[in-house]
Amino acid sequence: MTGTGLPLDGVRVVEMTHMVMGPTCGMILAQLGAEVIKVEPPVGDKTRSLGGMGTSFFPLFNRGKRSVVLDFAKAEDLEILHRLLESADVFVENFRDGQLEKQGLGTKELRRRHPHLIVAGHKGFLSGPYEHRPALDEVVQMMSGLAAMTGTREKPQRVGSSANDIMGGMFGAIAILAALYEKRGGKRDGADIRIGLFENCLFLVAQHMVEYEMTGRKPRSMPEREHAWPIYDIFDTADAERIFIGVVTEGHWWSFCREFGLQEFADDPTLRNTTDRILARGRIIPRVAEVIKGWKIADLSAKLDALNIAYSPINRPEDLLQDPHVLRPGGLVQNFNADGTPFRVPALPVEWNGGNIGEGLKVPVLGADTEAVRAELDKQDPTQRRMRLP
């Protein structure tokens, strides 16, 4: 499984994960060129059969992987896993502490049998008082204060995606890349990496924690926040659409006032600087809303674009499948579900040498690669490990 021309070509990853965080890590590594072998139980990853909001979980986060079915109730299959790990560079898992130990796959045993292996455990919490607790994306959003900042303390609101699970997988990939880089420096042993879903969310709210640390003022939630700009709001348009406009620089303020007939603000000596304007939002915003209400959204967007002022329509996810920037060449890549059905998905959000990554990835059929991988293990020299990094 080499010859991809991508940066992780030649790296083998064994993944035993489910749901979102762990699979995201493997999916990113696969898109960067690693061979990712997903080890599943005979019944398959339980997210394969999810419906509703979980319909996209398995195809989205498991593209580009190989599927191997192993039954650890069989000693033979457990030994096959160890042979697979011996051939691998990275092991990605997201089981609760203690579960893998019951199967002889705990960190100490893995380090004894496979000292070269980079082990990345995606957990609810990093080591500490809460390390034994299970966690979910919504749980850590409530614990970290993110939900209270997105909504309010009285009415907390989770972010509208599996943001922490996905970001946790990203941090897992970052740490694995660091460990692979360390090996390039000549380090022969592997690394034990632990990624915490809660600490990941804590990282997101650090800006508010540090604000309180520095000022002693409790940060206000998004609906209650003190605005840092005079115009940073959602407005109604003449054709019953809604638009967000952010006027955040001195130059934008003057051009906005000039182009939208708000000369009274430009001439007002009490609105000379940004602080003055923020304090006067109570009279500025109603007047701006009145003006914006007279514009159709297409004309308004064109005007704001010409002025280089930040703006956005209020989109829903389905709207983005018609967005011209999303539909640019490479913006969406076509992948294929396990039954061969094509689906479009945003490309990995980086450009690599001017191109996009992720076109043509396939979601594996359960166990589709079991026999092929077993045959590869039978052929390989047990004294030669997979790692071929220079």
Side-chain angles (χ1 to χ4, degrees), residues 1-4 8-20 22-50 57-95 99-100 102-106 109-110 113-114 116-122 176 335-341 360-388:
M1 299 294 289
T2 60
T4 64
L8 295 186
D9 185 18
V11 173
R12 172 174 278 186
V13 178
V14 175
E15 177 193 309
M16 283 177 53
T17 70
H18 55 282
M19 296 305 286
V20 176
T24 296
C25 178
M27 178 265 289
I28 294 170
L29 297 174
Q31 292 203 51
L32 292 175
E35 177 195 16
V36 179
I37 299 175
K38 184 177 182 71
V39 176
E40 301 185 64
V43 296
D45 184 321
K46 56 189 176 185
T47 61
R48 281 184 179 269
S49 58
L50 285 181
F57 283 8
F58 192 86
L60 181 59
F61 301 114
N62 291 282
R63 299 169 286 144
K65 303 175 185 179
R66 306 173 79 187
S67 173
V68 169
V69 168
L70 295 177
D71 182 356
F72 296 143
K74 300 176 180 178
E76 175 193 0
D77 280 12
L78 186 57
E79 188 54 35
I80 288 172
L81 176 66
H82 278 295
R83 290 173 60 198
L84 191 54
L85 292 175
E86 184 65 20
S87 75
D89 307 305
V90 181
F91 178 48
V92 178
E93 59 92 4
N94 68 339
F95 290 89
Q99 284 188 268
L100 290 181
K102 296 176 183 177
Q103 296 170 323
L105 297 170
E109 179 65 9
L110 290 177
R113 292 192 61 164
H114 313 292
H116 69 288
L117 197 61
I118 297 166
V119 180
H122 293 70
I176 288 167
N335 290 176
F336 299 89
N337 208 346
D339 62 1
T341 304
L361 297 178
K362 297 179 181 179
V363 179
V365 174
L366 176 63
D369 303 287
T370 303
E371 294 307 316
V373 170
R374 288 191 180 205
E376 292 167 14
L377 291 174
D378 289 339
K379 291 178 182 179
Q380 76 180 20
D381 182 345
T383 66
Q384 298 297 315
R385 296 198 178 98
R386 180 78 177 179
M387 180 64 70
R388 294 196 302 274

Side chains of Thr17 and Lys38: closer than 4.5 Å at any heavy-atom pair?
yes
Let's go through Lys102 and Glu109 carefully: what are the C-alpha distance in whole Å and the side-chain angles of both, what is the deciding distance for salt bridge (charged side-chain N to carboxylate O under 4.0 Å, His left out) to 0.1 Å, and is it a yes or a no?
CA-CA 11 Å; Lys102 296 176 183 177; Glu109 179 65 9; over 6 Å; no
One should read off an interatomic distance between Leu70 CG and Leu78 CG, to the nearest 0.5 angstrom, of 9.0 Å
Side chain to side chain, Ile37 and Asp369, heavy atoms closer than 4.5 Å:
no
Report the distance from atom NE2 of His18 to atom CZ of Phe95, rounding to the nearest 0.5 Å.
6.0 Å
Contact between Val92 and Val36 at the side-chain level, heavy atoms closer than 4.5 Å - yes or no?
no
Can you see which heavy atom on His122 is nearest to which on Gly22, and at what distance?
CG-CA, 4.2 Å
How long is the span from the CZ atom in Arg374 to the CD1 atom in Ile80, to the nearest 0.5 Å?
3.5 Å
From Ile118 CD1 over to Leu110 CG, what is the distance, rounded to the nearest 0.5 angstrom?
13.5 Å
I'd like to know if the side chain of Asn337 and the backbone of Asp339 have a donor-acceptor N/O pair within less than 3.5 Å.
no
Closest non-hydrogen atoms of Val365 and Ser67, given as atom of the first, atom of the second and distance, are O-CB, 3.4 Å
Carboxylate-amine/guanidinium contact Glu76 Arg83, below 4.0 Å
no
Full working for side chain to side chain contact (heavy atoms under 4.5 Å, CB included) between Leu100 and Phe91:
CA-CA 12 Å; Leu100 290 181; Phe91 178 48; 4.3 Å; yes
State, to 0.1 Å, how close Met27 and Leu60 come at their nearest heavy-atom pair, and which atoms those are.
CG-O, 3.9 Å
Taking every non-hydrogen atom, the tightest pair across Ala30 and Gly64:
CB-O, 3.8 Å
Candidate pair Val363 and Asn335, rule side chain to side chain contact (heavy atoms under 4.5 Å, CB included), full reasoning:
CA-CA 8 Å; Val363 179; Asn335 290 176; 6.0 Å; no
For the residue pair Phe72 and Met16, establish whether any side-chain heavy-atom pair is separated by less than 4.5 Å.
yes
Out of Glu15, Glu40, Glu35, which residue meets the salt bridge (charged side-chain N to carboxylate O under 4.0 Å, His left out) rule with Lys65?
Glu15
Nearest heavy atoms of Leu366 and Gly44, plus distance in Å
CD1-CA, 3.5 Å
Would you check, one step at a time, whether the test side chain to side chain contact (heavy atoms under 4.5 Å, CB included) holds for Val14 with Leu81?
CA-CA 9 Å; Val14 175; Leu81 176 66; 4.2 Å; yes
Apply the test side chain to side chain contact (heavy atoms under 4.5 Å, CB included) to residues Leu105 and His82: give CA-CA distance (whole Å), side-chain angles for both, the deciding distance (0.1 Å), then the verdict.
CA-CA 9 Å; Leu105 297 170; His82 278 295; 3.7 Å; yes
Can you tell me how far the SG atom of Cys25 sits from the CD atom of Glu93, to the nearest 0.5 Å?
11.0 Å
Heavy-atom closest pair, residues Asn94 and Pro23:
ND2-CD, 4.3 Å
Ion pair Arg12/Glu376, N-O distance below 4.0 Å:
yes
